[in-house]
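Counting starts at 1 for both ligands and their atoms, following the listed order.
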Amino acid sequence: MHEQIRNGRAHFPFRGYSHHQIIRSHSVSTRPFLNSDENTDLFEAYSISETDEACEKEFEIIIKAVQEYFRSLGIAFLTIDQSMWGNKPVAKKVTSLQAFASPVRGSVRIATVYKHSNTFARAFNVATARTNGKKEHVHQVGFGFWEGLIPPLLDQLRDKYGLCLPPSIAPIQISIIPNNQTFGADARELASKIGKHRVDIDQRYNKSIQRRLKDPMVAGVPVRVTFMGSGKIRFSRRDTLEQGTVEAGEFTEAIPHLLNSISANYEERARAHLDSNVQRAADISELGMILSTNKLVIFDHCVEDTCGKEMESRFRGEFLGHVREINANEGANCICCGNIAKRTGFFGKRAPTP
Ligand SMILES: [Zn+2]
C-alpha cells in the first residue's frame, strides 16, 4: 500500500483499508475488550485527497457514514469534536463517537475519525505534481474502530433475559418453533412465504419446548413463532415480550411493520440509556455533583482550552470535547469563566483505553 502511494498519482484519490492487531501489556488492572493484555483487533481505513478542501469534505462524509453505521446497530452515542491539547496530536482534527458503558461507568469511544491533513504525507513525501510544476503534499483522513465497541454494544443490546438484537443485525430475524412434527408442514409453509427475511425452523423435537422457546430469547432473535392449530399462529416480540395470536396470512403481512417497530423500540431504549447517564450542569459545582454519581456531564462552554484544563485540574475526569448533537443554550455563559458560551462541552470519566 505504501509503495502504491509512493509510486504515483494514478492512485489518487486513494482509499485503503487495514485490519491489524495491537499487542499491549498492562501492569495495572485490566478490563476485557478495553485494555486487556491480549491482541486487539483494529479496523482502519484511510483516504487521500489532493486538496485540503476535499479532505475536509471527506472528513465530514466519513463522520456521517460511521454515525449511520452505529445507528443501524441500535447504538446510542454522542458525536464529539475532541479537544486537541495534550501530547503532540498527530491529527489536525479528531471526532469520535462516544457511548456510555455501564461496566466502566464512563464514556467509551466506539469509532474515531482523524483529519491527518498532510502530516504523514510530509513525513513520507507523498505528493501530487501541480500543473505549475510544484509538488503538493496530499491530505489524509483516517478512521476506524476496534473491539472497544463491544462493551457499549453488550451494555445497550441486552436485558435480563439475554441479547436484544435489532432486526438489521440479527443473524436470525424470525425463529419458527413447531411444537412437534405435526406442525412441521405448517412451519415449512410459513418459512417459504417469509423467506426474504432471515428465518430459522427449530426442529429439535428431542428437546423440551421450554428450552426451544428460551434459546431464541437468550440469543436475541427479534420474533418467535409457534403454531396454535387451525391456521393460527402465536408470535412473540423479543423487545417487549408481548405475544399475539393471528391468522398465518395476517402475520405474514404484518412482518415488515413488526420488525420496524422492534428496531424503533431498541433505538429508543438505547437513547434513553444514554440520556439517563448524561446530565447537563448549570454551574461548576453541579458539574462536580453529577460527576460523583458516575454520569457524564454536558455544559455550556466558551470553547477555550483554558477552561477545559481548569476543570480537569479541579475534578476527576477528562474534558472530552464538544458535542455535535446538542447546541449551547442560547445566550448562556460558560460555566467555568462566565464568557459567552459557544458550544456544549462534554466532561466525564473515560474508559481505560490504550
Ligand atoms: Zn470558559
Side-chain angles (χ1 to χ4, degrees), residues 52 55-56 59-60 62-64 66-67 70 76-101 104-117 119 141 143 148 152 271-354:
D52 189 51
C55 180
E56 180 66 30
F59 181 66
E60 291 299 327
I62 289 171
I63 291 169
K64 250 195 200 110
V66 288
Q67 285 175 326
F70 281 99
F77 55 82
L78 289 172
T79 309
I80 306 297
D81 293 328
Q82 293 190 189
S83 53
M84 298 303 293
W85 74 72
N87 42 0
K88 286 191 188 154
V90 291
K92 294 280 181 288
K93 285 183 179 182
V94 180
T95 297
S96 61
L97 269 45
Q98 303 198 16
F100 182 86
V104 292
R105 293 190 292 277
S107 170
V108 176
R109 274 197 277 170
I110 51 178
T112 310
V113 187
Y114 299 91
K115 186 186 172 194
H116 289 299
S117 288
T119 310
V141 174
F143 77 102
R271 175 54 55 187
H273 175 72
L274 178 67
D275 287 350
S276 67
N277 286 293
V278 176
Q279 205 175 326
R280 185 178 272 278
D283 55 50
I284 199 88
S285 64
E286 206 172 85
L287 183 129
M289 250 159 50
I290 299 169
L291 283 173
S292 68
T293 63
N294 286 320
K295 287 184 184 177
L296 298 164
V297 192
I298 53 171
F299 52 90
D300 292 314
H301 185 229
C302 61
V303 308
E304 292 305 322
D305 287 354
T306 45
C307 282
K309 285 175 187 166
E310 178 168 342
M311 287 175 182
E312 284 193 359
S313 73
R314 286 177 62 176
F315 300 104
R316 218 171 136 246
E318 273 179 58
F319 179 82
L320 299 162
H322 294 109
V323 185
R324 283 195 174 199
E325 286 89 348
I326 308 166
N327 291 332
N329 284 321
E330 188 123 9
N333 300 320
C334 172
I335 65 162
C336 191
C337 68
N339 289 335
I340 290 291
K342 292 182 181 150
R343 296 196 69 183
T344 297
F346 190 49
F347 195 98
K349 193 176 150 191
R350 189 169 67 88
T353 52

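Using modelled atom types, no side-chain atom of Ser117 and backbone atom of Lys92 make a donor-acceptor pair closer than 3.5 Å.
For Phe143, the ring pair (Phe, Tyr, Trp, His ring centres under 6.0 Å) criterion is met by no residue, not counting sequence neighbours. With sequence neighbours excluded, no residue forms a ring pair (Phe, Tyr, Trp, His ring centres under 6.0 Å) with Phe59.
Within the structure, no pair that satisfies the salt bridge (Lys or Arg N to Asp or Glu O under 4.0 Å) test touches residues 281-299, not counting sequence neighbours.
Only protein N, O or S atoms were considered, and those under 2.8 Å from the Zn ion (ligand 1) are Cys302 SG, Cys307 SG, Cys334 SG, Cys337 SG.
Ring orientation note: the planes of Phe319 and His301 are tilted relative to one another, at an angle of 30° to 60°.
Under 4.0 Å is where a charged nitrogen must lie from a carboxylate oxygen, and between Glu318 and Lys349 no such pair does.
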